[in-house]
Amino acid sequence: QASASTSDNNNTTTANNRRISNEISRRAIEMAPKCTHYSRNCHIVAPCCGATFGCRICHDDCPVLPPLLQPTMMPSSPICPPVAAAAAAASAGGDSSEDDGTNHQPYPANGHRKYQRVLRTSSMPTSFTQDSPPEHHQLDRFAIREIICRKCFTKQGSKTNNCINCGIQFGEYHCAICNLWMSNEEKPYHCPDCGFCRVGGGENFRHCQDCGMCIDKSLFENHNCKVGKYMSNCPVCQEDLFSSRDASHELPCGHAIHWHCFRELASHDSRCPVCKKTAETHERMKPTWDAMALSIAMQPVPPELAKVVTIKCNDCEILGENRSWHFLGVQCNHCESFNTVVEKITMMGQEAHEFSLRRDMQQVPAQAPAPARLGEVDPAAAFAAAGREEEPLEGETSSRSRPARRRRATVDSAVNPFRHRDNENGMP
């Protein structure tokens with residue numbers, strides 16, 4: 001009878017403890033922010049601060065987090081630098097283990113860190129008058145050890161996809177390495193070379209050892225392979241490209257950028273933010289460059305603002321000398337790009353204007369006479385064939401000599417507009 005009574009008391013105590021634990025877990029889930037990132041039936045217990053969140057992204061996006069647990073109460077993580085620093089300071093100081101005469105090692109010799117099951121009843125700090133002020137930190141997905149079922153509020157280990165109490169499935173896809181539960185809508189898969197899970201279907205991607213990233217199989221043979229290309233931050237938002245959940249885009253120059261950042265950047269700048277090369281292919285930029293060249297031809301620069309400059313193309317990296325400056329841009333003669341910068345100003349003002357006119361006249365090819373149509377007879381050819389030429393009447397000038405003199409006068413007037421007026425006034 002005594003043993004039976006003791007067993008009943010133990011069962012009653014166990015049931016009470018389970019009920020209290022479930023009540024605490026229920027309160028923690030109700031006070032946690034709503035998760036919109038994954039479709040799952042469980043909450044995670046953050047190993048760094050002991051708070052409950054729907055996923056690690058909810059934890060990282062939370063503006064205010066509870067203070068970190070003590071190093072001897074939780075596993076330190078390389079992704080949580082404050083925790084690792086505190087653990088290193090505690091190991092170096094050694095005065096925290098001298099109070100009670102025990103030796104608490106945050107880093108045991110066997111490599112397994114100590115972990116005490118601590119569950120906060122709130123995902124937000126209840127008071128700001130505590131010893132450690134709240135600070136922001138990131139959660140290590142590989143350090144998650146406990147989860148809570150959303151249906152029965154049972155706290156359990158993280159290496160399972162079904163609740164040990166009610167048997168509900170936490171997610172259609174489960175990775176015990178990354179502690180990930182989600183639906184199969186995005187076709188998640190675990191890449192052993194990357195070290196964590198990605199989406200898109202493992203049958204559609206192939207890991208490139210040089211780039212260090214999973215590349216689409218249809219683009220793998222022709223992709224721009226560059227060592228450590230994705231081991232950097234996005235040049236726009238500064239987020240790590242390797243572990244980012246957003247899609248990345250490879251520019252023609254070889255640099256990588258988030259796809260949504262590239263779309264925002266392309267709305268006002270078509271250059272790579274790193275090397276300043278054109279972020280689109282030549283075929284896609286050709287209509288834009290032709291439109292800019294037409295606008296420049298229709299809007300000449302006034303003579304007093306004219307400049308002759310030396311440019312350098314950011315795309316082909318070739319220098320162009322004695323080029324006419326325009327406020328819309330200077331086009332490269334080699335690759336037709338307007339992605340150029342002025343290296344040196346050679347001439348300015350009227351001198352630059354006259355130089356540009358002389359150079360343009362030298363570059364214009366001589367126009368050949370238009371061929372006669374069928375049935376038409378060229379008068380000059382007819383007179384030449386007959387052995388006589390058309391002579392001008394007395395008092396007339398040759399009709400063929402007048403346009404030539406008129407063209408020369410027009411060019412001279414453009415170079416020196418006061419030439420004919422000076423002659424009319426009797427000035428030399």
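Keep in mind that the numbers below use all heavy atoms, side chains included, and drop hydrogens, waters and symmetry copies.
- Of the possible polar contacts, none joining the Asp240 side chain to the Asn233 backbone as a donor-acceptor pair under 3.5 Å is found.
- Between the side chains of Ser218 and Asp216, a donor-acceptor pair is found at a separation under 3.5 Å.
- Within 6.0 Å of the NE2 atom in His334, the count of heavy atoms belonging to other residues, nucleotides or ligands does not exceed 12.
- Legend: salt bridge (Lys or Arg N to Asp or Glu O under 4.0 Å) pairs involving residues 48-66, not counting sequence neighbours: none detected.
- A side-chain donor from one of Arg359 and Ser324 sits under 3.5 Å from a side-chain acceptor of the other.
- Summarising the geometry, atom CD belonging to Gln169 is positioned 12.0 Å from atom SG belonging to Cys163; distances are rounded to the nearest 0.5 Å.
- Environment of NZ in Lys159: crowded, with over 12 heavy atoms of neighbouring residues, nucleotides or ligands closer than 6.0 Å.
- Among residues at least two apart or in separate chains, salt bridge (Lys or Arg N to Asp or Glu O under 4.0 Å) pairs with a member in residues 259-275 are Asp269-Arg271.
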Exercise answer: donor-acceptor pairs, residues 195-209 side-chain atoms, under 3.5 Å, sequence neighbours excluded:
residue: Arg198; atom: NH2; partner: Phe242; partner atom: O; Å: 3.0
residue: Asn204; atom: ND2; partner: Gly200; partner atom: O; Å: 2.9
residue: Gln209; atom: NE2; partner: Asp193; partner atom: OD2; Å: 3.4

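- Within the structure, the salt bridge (Lys or Arg N to Asp or Glu O under 4.0 Å) test picks out the following pairs touching residues 279-302 (sequence neighbours left out): Glu280-Arg284, Lys286-Asp290, Lys286-Glu336.
- Counting non-hydrogen atoms of other residues, nucleotides and ligands closer than 6.0 Å to CD of Glu185 gives a total of 12 or fewer.
- Note on residues 28-37: pairs passing side-chain hydrogen bond (donor to acceptor under 3.5 Å, both in side chains), not counting sequence neighbours, are Arg26-Glu30.
- Within 6.0 Å of atom NZ in Lys344, 12 or fewer heavy atoms from other residues, nucleotides or ligands are found, so the atom counts as exposed in its surroundings.
- Open room surrounds CD on Glu321; 12 or fewer heavy atoms of other groups in view lie less than 6.0 Å from it.
- Residues meeting the side-chain contact (heavy atoms from CB on, under 4.5 Å) test with His174, sequence neighbours left out: Asn161, Ala176, Trp181.
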